[in-house]
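Working notes for the structure below.
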There are 2 protein chains.
Amino acid sequence: MTVSITDVAEATGVSASTVSRALRGRPGVSEEMRARIVAAAAELGYTASRSASSLASGRTCTIGVVVPYVGRWFFGTVLDAAEKVFSAAGYDVLLYNLGSPEARKRFFTKLPIRKRVDAVLSLLIPDPEEATALRSLDVPLATTVGGARPGFTVVGIDDRGGAESAVRHLVNLGHRRVGMISGASEPLHWTTPLDRRRGYLDVLADAGIEPDPALETDGAYTVEGGERAMSELLALRHPPTAVFAQSDEMAMGALRALRRHRLRVPDDVSVVGFDDHELSEVIGLTTVAQPVAAQGREAARLLLAQLDDPDAGPADPVEMPIRFILRETTAPPHSRRQR
Amino acid sequence: MTVSITDVAEATGVSASTVSRALRGRPGVSEEMRARIVAAAAELGYTASRSASSLASGRTCTIGVVVPYVGRWFFGTVLDAAEKVFSAAGYDVLLYNLGSPEARKRFFTKLPIRKRVDAVLSLLIPDPEEATALRSLDVPLATTVGGARPGFTVVGIDDRGGAESAVRHLVNLGHRRVGMISGASEPLHWTTPLDRRRGYLDVLADAGIEPDPALETDGAYTVEGGERAMSELLALRHPPTAVFAQSDEMAMGALRALRRHRLRVPDDVSVVGFDDHELSEVIGLTTVAQPVAAQGREAARLLLAQLDDPDAGPADPVEMPIRFILRETTAPPHSRRQR
DNA sequence: CCTAGTTGCGCAAGCGTTTGCGTTCAGATT
DNA sequence: AATCTGAACGCAAACGCTTGCGCAACTAGG
C-alpha cells in the first residue's frame with residue numbers, strides 16, 4: 001500500500017502532526033527530531049498526498065495555465081518558460097488547452113479549475129464574461145498578450161510600436177503600396193490585431209499614403225491563412241510591393257504563396273513579419289522580435305509574487321521590449337530594375 | 001465563502017450523500033430528485049472540490065504528462081492532441097516540463113506526481129531507473145516515441161523503415177556520398193536516433209556503398225545543431241552530395257548552413273528530413289512524415305482504455321504509419337551539370 | 001394479507017493532511 | 001524554592017467529499 005503520514009510517524013515514534021511540521025520546515029520541531037523524521041520519510045518513500053494536504057490547508061500548490069493552442073510555437077514557448085518558473089517554486093501546472101470553441105465554452109461554464117488552483121495564467125484573452133468567471137475563482141490572475149483587464153496582471157509588448165517599426169521600415173525603403181496580412185477579429189476582445197493595425201495605419205498616415213482597404217486581408221494567424229491572404233493580394237489589379245504580416249507564421253505563408261507565383265523575395269515583393277519565430281532566422285525573415293519566453297517567465301514571476309504576498313492586488317502592467325530585426329526578405333521596391 | 005456540498009444538500013433538503021450521487025450520475029437517486037439537485041447546484045454555482053473527492057475516492061481524474069520541451073513543435077503537437085482526448089474524457093492534465101537535467105532529476109527523485117494522477121503519459125523516454133520510478137506510482141503508463149519498456153503502453157513509428165525510405169530515395173537519385181545528421185546518444189536509452197541510423201546503414205549496405213564515419217555528424221535535434229553539423233560536413237575533403245537529417249529541424253539548420261555557404265539546394269546538395277514539421281511544407285523540404293498528433297491521440301486513448309478497464313495491462317505496442325513526402329530539396333547529384 | 005424484492009434515501013465512517021490549542025518539561029528568573 | 005517562559009510535541013477537530021450499510025416505503029407475487 002501507499003505509505004501515509006502515520007506510517008512515518010510510527011516509524012519515528014512521534015505523532016503525525018510532528019511529522020507534518022518537520023517535513024514542511026515548520027517551527028516547533030527540534031533539529032534532531034526533524035532529521036530523524038526526514039530520514040524515515042526518505043526510507044519509506046513517503047510523499048504527502050496532495051489531495052489531503054490541500055483539503056486540509058486550502059492551498060493546492062498548483063497553477064492553472066489556460067492556452068488556446070499548446071501546439072503553436074508562441075504558446076508553447078510561453079508555457080515552457082512559465083512552467084519552469086512555477087515548478088522551480090514548487091508549483092505544479094494544470095494545463096487547459098482551449099483550442100476549440102466547445103472546449104473553451106465547456107471550460108468556462110464548468111470551471112473545472114475551481115478549487116483546484118492557487119492562481120491562473122491565461123495565455124488567451126478572456127472575453128468579459130470569461131474574465132468574470134475567472135475572477136470568481138478568487139485567485140491571482142495573469143495574462144500575457146494584450147488587453148488590460150481589471151483584476152489581471154498583464155505582461156505584453158507594444159504591439160502598435162512594433163507594427164510601426166515594421167511598416168516604417170518598408171516605407172523608408174520606398175514602398176508606397178504596402179499590404180497587411182492580419183488576424184481578424186476571430187476571438188473578440190483580443191486587441192493585438194487591432195493594435196498592430198493601428199501601427200500600420202499610423203505610419204501610412206505619417207508618410208502621406210492613403211490607406212487602401214483592399215490591401216488589408218485576413219490570414220487568421222496561421223501559415224495557411226497567410227498563404228491565402230497573400231494570394232488574394234497578388235490577385236489585385238495593383239498588388240502591393242511590400243507586405244506586413246502580423247505574425248511570422250502568416251509571413252511564412254505569404255512567402256510560400258509568393259514562391260508559388262514565381263515571385264522573388266525581396267526583389268519583387270518585400271515581406272516583414274512579427275514575433276521572431278524560432279524558424280524565422282532560418283528562412284531569413286525580416287521581422288519584429290518580441291521576447292516570448294521572457295514574457296512567460298515574467299508573468300509567472302509576478303503571479304508567484306502575488307501568491308507570496310497575500311492581499312497584494314495584481315501587479316502593474318509590464319511592457320517587454322521589442323526589437324526590429326533586419327534580415328533578407330525586404331528591399332526597395334523593384335530593386336531588380338534599379339540595380 | 002465557497003459553496004460546499006452541504007450547502008446544496010440543505011438547499012434541496014436532502015443529505016450530502018444524495019447530492020454526491022445525483023451529481024455524479026450514480027444510481028440510487030430518483031430522476032426527479034436528481035433534477036432538483038442539479039438545478040440547485042447550478043444555481044449556487046457549486047463545483048465539487050477535487051481535493052476532497054479524490055481524497056475520499058482515491059481517484060484524481062488527472063493525468064500526468066511529462067515532456068522534455070513543451071516549446072518544441074513535436075512535443076507541443078503531441079501534447080495538444082493528447083490533452084484534447086483527456087479533457088474530453090473529463091480528465092485534467094498535469095504538465096511536467098523536464099527540459100533541464102536538474103528539473104528531470106528533481107522530478108524523478110521527488111516524484112511530485114505521486115498520488116496526484118491516475119495515469120502518466122511520458123513524452124520522454126525514461127531510462128531504466130526513471131521507468132522504475134514511474135512504475136512505482138502504480139498507475140497505467142504510456143509513452144510515445146520508441147523504446148519498448150515493460151509496463152508501458154507505447155505508440156510509435158517505424159523509425160528504421162522511415163529512415164530507409166528517405167535514404168533510399170537519395171540513393172535512387174544517384175547519390176553515393178550521403179551524409180547523415182543525427183541526434184546522438186544525449187538522452188541515453190532513447191532509441192530513435194539508433195533506429196534511424198540503422199535504416200541509413202541498411203540502405204547504404206544494400207546499395208553496396210561503404211559507410212564513411214566522417215559523414216555521420218551530430219545535430220542534437222535542433223536547428224542550430226543541424227546548421228553546425230552541416231558546416232562540418234561541408235568542411236570535409238569530400239563533402240556529401242546529399243544529406244539525411246534525422247529531424248526536420250536539423251534539416252532546416254542544414255539548409256541554412258548551405259545558404260550561408262552559397263550552395264544551392266537541391267542543385268548542389270540534396271537534403272531530406274524526418275518528421276514533416278508544420279513548416280516543412282512551407283520551405284519545400286522533402287521528408288518522411290509521421291502522424292504526430294495522431295500518436296498523441298492514440299496514446300491518450302489507450303491510456304483511457306486502461307483506466308476504464310481496471311486490471312487490464314498495458315496495450316500492445318502500436319505502430320503508426322509513416323509516409324515519404326517528395327518536395328523540392330532533393331534531386332540527382334550535380335543536376336546542374338547534367339541538365 | 002404476508003413475504004420478498006426493489007427503490008430512494010440517510011448515517012456515519014473514513015480518506016490523509018493541517019493546525020489551533022493544550023500539555024509537558026527543562027531551564028531561566030526572581 | 002516557587003514561578004515564569006519557551007520549546008517540543010501530542011490531541012483532536014476540521015477540510016469536503018465518497019460509499020458501504022441500514023432502514024423505510026413501496027411494488028409485486030403467491
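Letters A, B, ... mirror the listed sequences (proteins, then strands); counts begin at 1.
In this structure, the side chain of B/K115 engages the main chain of A/T47 through a donor-acceptor pair within 3.5 Å.
Between D/dT18 and B/R24, a contact under 4.0 Å exists linking OP1 or OP2 to a side-chain N or O. A sub-4.0 Å separation between OP1 or OP2 of C/dT18 and a side-chain N or O of A/R26 is absent. The side chain of B/R59 contributes an N or O atom lying less than 4.0 Å from OP1 or OP2 of D/dT19. Side-chain N/O atoms of B/K115 include one lying less than 4.0 angstrom from OP1 or OP2 on C/dT17.
Look at CZ on B/R50: it is 17 Å from C1' on D/dC15, rounded to the nearest Å. Put simply, CG on B/L55 is 12 Å from P on D/dT19, counting in whole angstrom units. Straight-line distance from the CD1 atom of A/I5 to the C1' atom of D/dC15: 15 Å, rounded to whole Å.
Across all non-hydrogen atoms, the minimal contact from A/P68 to A/N97 is O-OD1, 3.4 Å. Nearest approach of A/A315 to A/T153, heavy atoms of both residues: N-OG1, 2.8 Å.
Side-chain contact, B/S20 with B/S17: no donor N or O sits under 3.5 Å from an acceptor N or O.
Both cation-pi conditions hold for A/R72 and A/Y69: the charged atom is under 6.0 angstrom from the six-membered ring centre and inside a 45 degree cone around its axis.
With distances taken from any side-chain atom of B/S49 to the nucleotides C/dG16, D/dT18, D/dG16, the minimum falls on D/dG16. Of the candidates D/dG16, C/dT19, C/dT17, C/dT19 carries the atom nearest the A/S57 side chain, counting heavy atoms from C-beta on.
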- Task: Sugar-phosphate atoms are those with a prime plus P, OP1 and OP2; base atoms are the rest. Using that split, label each nucleotide of nucleotides 4-13 of chain C B, S or - for protein heavy atoms under 4.0 Å, 5' to 3'.
- Result: ----SBBBB-

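Atom CD of B/E319 has more than 12 neighbouring heavy atoms from other residues, nucleotides or ligands inside a 6.0 Å radius.
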